[in-house]
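Input: a single structure, listed below in structure tokens.
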Amino acid sequence: MKLVNIDYLPGYEIVEALGIVKGQTVQSKNIGKDIGAGFKTIVGGELASYTDMLKEARQIATKRMVDEAESLGADAIINIRYGSSSVMSGAAEIIAYGTAVKIK
């Protein structure tokens, strides 16, 4: 499966657009990590546990998007985008979406 965030695939011809595909997840950290992150905001710096959480969430959302594209018989997903939103304190939604296509 080829994944790109542009609206074409260099060296390939798009023969059919199969539609929009998406994957999403909502992730949170445990209370201990939330408390640790709260203390970290006092002194500043990267909240590594949240960085890791969002990285994992993007991977899950991407896999779910790819699974949906594969179920449609797609060869690639073009114009991929990611979005995120805070669902509640300490929890974030990540969505990945793009256009599933057949290529030649």
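Scope of the values below: all heavy atoms of this structure, side chains included, with no hydrogens, waters or symmetry mates.
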Side-chain touch [X]/[Y], heavy atoms, less than 4.5 angstrom:
X   : Y    : result
L18 : K102 : yes
L9  : D75  : no
R58 : K55  : yes
R64 : Q24  : no

Nearest heavy-atom neighbours spanning [X] and [Y]:
X    : Y   : result
V26  : A91 : CG1-CB, 4.5 Å
A100 : L72 : CB-CD1, 4.4 Å
A57  : T25 : O-CG2, 3.4 Å

Answer with yes or no whether the hydrophobic clustering places [X] together with [Y]; edges join I, L, V, M, F, W, Y residues whose side-chain heavy atoms lie under 4.5 Å apart.
X    : Y   : result
M65  : V4  : no
I103 : V15 : no
I80  : V66 : yes
L3   : V21 : yes

Quick one: [atom1] on [X] to [atom2] on [Y], what's the gap to the nearest 0.5 Å?
X   : Y   : atom1 : atom2 : answer
I20 : T99 : CD1   : OG1   : 5.5 Å
D67 : T62 : CG    : OG1   : 10.5 Å
I94 : S85 : CD1   : OG    : 8.0 Å

Q. Is there any side chain to side chain donor-acceptor pair (under 3.5 Å) pair reaching into residues 5-15, and which pairs are they, with sequence neighbours excluded?
A. K2-Y12
Q.
I'd like to know whether M1 forms a side chain to side chain contact (heavy atoms under 4.5 Å, CB included) with I77, so could you lay out the CA-CA distance, the side-chain angles of the two residues, the decisive distance to 0.1 Å, and finally the verdict.
A. CA-CA 8 Å; M1 177 73 57; I77 305 171; 4.0 Å; yes
